[in-house]
Amino acid sequence: MSTTAELLKGAAELFPGEVVTQAHVRHFDLPLGAGRFALITLDNGHDHTKPTTLGPQSLANIDAALDQVEKEAADGDIVGVGVTGKPFIFAVGADLKGVELLKRHEDALAIGKGGHDVLKRLANLAVPSFAYYNGAAMGGGVEIGLHCTYRTVSAALPAFSLPEVFLGLVPGWGGCTLLPNLIGADRAVSVIIENSLNQNKQLKGKQVYELGIADAIFEGADFLEQSLIWTASVLKGELAVERPAIDRGEAWDQAVARGRFLADSKVHGAAPAAYRALDIIAAAKNGDLQQGYDAEDQALADLIMGGELRSGIYAFNLVQKRGKRPAGAPDKSLARPVTKVGVVGAGLMASQLALLFLRRLEVPVVLTDIDQERVDKGVGYVHAEIDKLLGKGRINQDKANRLKALVTGVLDKAEGFADADFVIEAVFEEMGVKQKVFAEVEAVAPAHAILATNTSSLSVSEMASKLKHPERVVGFHFFNPVAILPLLEIVRGEQTDEASLATAFGVAKKLKKTAVLVKDAPAFVVNRILTRFMGEIQNVIDEGTPVPVAEKAVEPLGLPMSPLVLLELVGPAIGLHVSETLNRAFPERFTVSPNLKAVVEAGKRGFYVYDSGKPELDPEVAALLKQGDTVLTEEQVRARVLDAVAQEIGLMLDEGVVAEAQDIDLCLITGAGWPFHLGGITPYLDREGVAQRVNGKRFLEAGVASVPA
């Protein structure tokens with residue numbers, strides 16, 4: 001048994017739940033008389049919906065297949081070797097279920113080394129090797145192809161990435177070393193660092209080709225056939241693959257510097273993965289591949305044993321699993337069909353909602369408002385957005401016409417909602433206004449229609465309390481921008497029945513939103529936590545801490561934006577309104593900042609101006625601020641903010657606002673863009689000892705989003 005085989009056999013014992021990938025070898029004669037060819041197909045079973053992943057046993061199977069083709073190549077029995085995947089999927093990288101079970105640094109090191117030892121064999125074959133990216137390729141799947149001599153890609157490929165930095169790892173089976181040597185450091189930084197830190201942005205097949213990762217691109221319908229014809233032309237010397245020379249001078253250093261700037265702007269040094277990847281890319285400038293592989297092994301092992309990766313895997317599983325099977329959701333068989341949607345309001349939020357329902361459900365959508373001008377503006381917004389989709393080629397003319405015909409606007413609710421199955425309001429955030437709207441809708445909508453509210457903080461139960469049928473009212477809280485943020489807080493009122501709730505979850509699924517069941521409690525989940533978080537920032541500013549110190553204090557969390565920039569995005573008036581709502585509910589913990597109130601009364605849209613190209617405190621806002629004389633350090637501010645958040649989350653769990661801490665994290669990741677390397681927030685609070693200090697216990701069991709004991 002080879003050293004690699006022994007290594008993988010030992011590692012396989014640590015991956016008991018691995019979905020094993022087979023590596024099937026078949027032989028045939030290439031077109032154009034190019035010779036006999038061996039094709040390795042990666043396949044983990046007949047279920048084409050299951051992604052092909054790579055654990056120790058899977059790598060051992062690839063290693064065994066390479067034993068066979070290596071001998072055939074050495075004996076002159078074949079002229080080349082190809083690697084492809086089962087229909088629609090090439091391979092999507094390492095088996096994360098096993099990675100999170102690893103307890104020892106040496107075991108983590110073995111996984112990295114084992115992967116390198118297997119994949120390097122593709123580059124060292126006596127004949128050329130070809131990767132045919134026929135479907136989704138991520139992480140280790142991409143790296144299989146990088147070790148090959150040539151690569152083709154399907155124009156229909158939907159997702160291609162090196163997402164490791166997003167999760168708290170580095171591309172550790174050759175990605176950090178080979179990619180910059182193939183396409184140049186700057187493009188590699190874009191794929192490995194920028195795309196990962198941009199919410200794991202995926203590349204399409206055309207982009208893979210344009211970046212130079214693939215040497216040829218073919219349509220999906222006959223991708224493999226065309227790839228083999230192209231392969232034959234290459235092997236016969238009829239087609240020469242030319243690649244641009246790599247700039248190993250100042251441009252390489254500038255690319256790495258750009259990557260460090262991107263990492264600083266996104267994670268502020270709070271997570272090590274991006275910086276470890278950039279160190280390897282920087283060192284790859286000299287072209288020493290083995291040095292790069294050794295550095296990748298060490299980085300992988302270090303990061304696998306770190307908290308950020310465990311939190312990243314935890315967050316990934318929340319989004320991919322819990323987000324698709326919401327905790328506490330009722331029996332879906334109770335859901336009623338929705339064949340027409342009504343939207344009360346035609347402002348920006350209402351118009352965004354109308355567009356979303358229209359695109360995802362493709363049923364008639366009708367907007368109402370208090371005057372024709374507002375109605376026309378709302379319908380016009382939807383039409384304009386459809387035209388944008390048409391212009392980008394995302395829909396054709398027929399579909400654009402069909403969608404436009406489905407959206408209408410009326411002034412009379414009776415006319416618009418008499419046959420609606422689902423009516424959602426997005427009007428002014430004031431209880432009396434919303435109760436009046438619901439009373440009007442109930443009077444004209446069918447008895448089975450769901451009445452949904454997009455309220456961000458008001459009580460759904462109180463909103464429904466004056467209706468004849470409060471059981472059909474449900475909270476349906478979206479996050480702005482509606483088209484981008486996945487979260488949908490589904491709020492169960494005190495009298496909401498199972499059928500209404502099931503219908504709401506059914507609609508959420510069709511809208512492709514991540515639905516979380518939330519108890520009817522003030523500000524629900526995201527807004528309650530963010531308001532407590534930002535409230536402490538505002539408190540320390542009010543007490544005397546300079547604004548830059550308060551802002552910089554939370555940079556180590558690596559949040560997508562600073563608290564006051566977030567306040568600007570939300571809108572100071574909305575932030576003030578939510579803080580007032582929570583102050584009424586919990587006056588002992590939630591304050592109303594007099595400085596924030598002054599900013600709102602002055603009509604300011606935020607604390608900053610951007611005249612210099614970067615945020616600077618607005619002089620007019622600075623003149624409004626009235627501060628005390630208590631000045632805290634960054635460390636003191638951070639401790640105070642984290643203690644407040646930990647306390648609030650503990651209270652929310654005690655109140656049963658959500659089922660578990662996992663739902664808190666899922667909400668913050670999908671509704672507020674909190675980073676995967678934090679795992680949302682509770683793993684970070686556990687890791688830093690804040691949860692224990694404040695609540696006397698962890699939020700998550702040891703080993704969840706952390707290294708097992």
Side-chain angles (χ1 to χ4, degrees), residues 204 337-429 433-434 437-438 440-441 444-446 449-456 476-488 503-504 506-514 569-571 574 605:
K204 304 291 187 184
V338 173
T339 60
K340 183 178 181 180
V341 173
V343 181
V344 184
L348 180 58
M349 176 57 85
S351 300
Q352 289 183 72
L353 295 180
L355 178 66
L356 179 67
F357 279 93
L358 180 68
R359 288 196 63 202
R360 299 299 187 207
L361 272 60
E362 296 190 21
V363 300
V365 175
V366 58
L367 297 94
T368 68
D369 213 312
I370 58 175
D371 59 52
Q372 192 64 45
E373 183 180 354
R374 286 181 171 85
V375 169
D376 292 344
K377 186 176 180 180
V379 173
Y381 169 88
V382 177
H383 283 193
E385 292 300 309
I386 293 170
D387 286 337
K388 288 178 185 177
L389 295 171
L390 176 63
K392 293 176 181 177
R394 294 175 63 181
I395 58 174
N396 59 30
Q397 187 65 61
D398 285 345
K399 186 161 188 177
N401 292 342
R402 191 163 64 251
L403 290 176
K404 285 184 178 181
L406 286 172
V407 61
T408 56
V410 298
L411 291 176
D412 185 357
K413 292 183 179 67
E415 177 187 348
F417 300 156
D419 55 350
D421 305 302
F422 191 102
V423 180
I424 183 167
E425 67 78 21
V427 299
F428 185 67
E429 193 77 346
V433 174
K434 291 182 182 290
V437 163
F438 269 160
E440 293 171 349
V441 173
V444 297
I450 302 300
L451 307 186
T453 171
N454 186 46
T455 182
S456 60
F476 220 57
H477 181 214
F478 291 87
F479 290 79
N480 203 9
V482 171
I484 296 174
L485 290 176
L487 179 63
L488 178 55
T503 304
V507 170
K509 186 174 183 179
K510 290 180 179 179
L511 294 176
K512 298 183 179 180
K513 290 297 182 182
T514 299
L569 178 67
V570 171
I574 293 175
R605 300 185 63 179

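Worth knowing before you read on, the calculation uses all heavy atoms, side chains too, and leaves out hydrogens, waters and symmetry mates.
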*Out of L356, L358, V343, which residue meets the side chain to side chain contact (heavy atoms under 4.5 Å, CB included) rule with V382?*
L358
Backbone of [Y] reached by a side-chain donor or acceptor of [X] within 3.5 Å:
X: E429; Y: S456; result: yes
X: K513; Y: L485; result: yes
X: D421; Y: A449; result: no

Rounded to the nearest 0.5 Å, what separation is found between the [atom1] atom of [X] and the [atom2] atom of [Y]?
X: T408; Y: L367; atom1: OG1; atom2: CG; result: 7.5 Å
X: Q352; Y: N454; atom1: CD; atom2: CG; result: 10.0 Å
X: I424; Y: L451; atom1: CD1; atom2: CG; result: 11.0 Å
X: L488; Y: T514; atom1: CG; atom2: OG1; result: 9.0 Å

Of the non-hydrogen atoms in [X] and [Y], which two are nearest, and what is the gap between them?
X: V410; Y: V366; answer: CG2-CG2, 3.8 Å
X: I370; Y: L411; answer: C-CD2, 4.1 Å
X: V437; Y: V344; answer: CG1-CG1, 3.6 Å
X: L361; Y: V341; answer: CD2-CG2, 4.1 Å
X: L390; Y: A400; answer: CD2-CB, 4.2 Å
X: G378; Y: S351; answer: CA-OG, 3.4 Å

*Taking NZ, NE, NH1 and NH2 as the nitrogens, is one of them in D419 or K340 under 4.0 Å from a carboxylate oxygen of the other?*
yes
*asked:* Under the rule for ring-ring contact (aromatic ring centres under 6.0 Å, His included), what residues qualify as partners of Y381, not counting sequence neighbours?
replied: none
*Applying ring-ring contact (aromatic ring centres under 6.0 Å, His included), name anything that partners F438, two or more places apart in sequence or on another chain.*
none
Flag side-chain contact, heavy atom, 4.5 Å: [X] against [Y]:
X: V482; Y: L353; result: yes
X: E440; Y: V444; result: no
X: K434; Y: V427; result: yes
X: M349; Y: N480; result: yes

*Please, which pairs that meet side-chain hydrogen bond (donor to acceptor under 3.5 Å, both in side chains) have at least one residue in residues 354-364, sequence neighbours excluded?*
E362-K399
*asked:* Would H383 and V407 count as a side-chain contact (heavy atoms from CB on, under 4.5 Å) here? Give the steps.
replied: CA-CA 8 Å; H383 283 193; V407 61; 3.5 Å; yes
_R374: which residues meet the side chain to side chain donor-acceptor pair (under 3.5 Å) condition with it, sequence neighbours left out?_
D371
*Can you pull the salt bridge (Lys or Arg N to Asp or Glu O under 4.0 Å) pairs that have at least one residue in residues 377-390, sequence neighbours excluded?*
E385-K388, D387-K404
*What class does the angle between the rings of F476 and F478 fall in, given that below 30° is parallel, 30 to 60° is tilted and above 60° is perpendicular?*
perpendicular
*What ring-ring contact (aromatic ring centres under 6.0 Å, His included) pairs are there with at least one residue in residues 357-380, not counting sequence neighbours?*
F357-F422
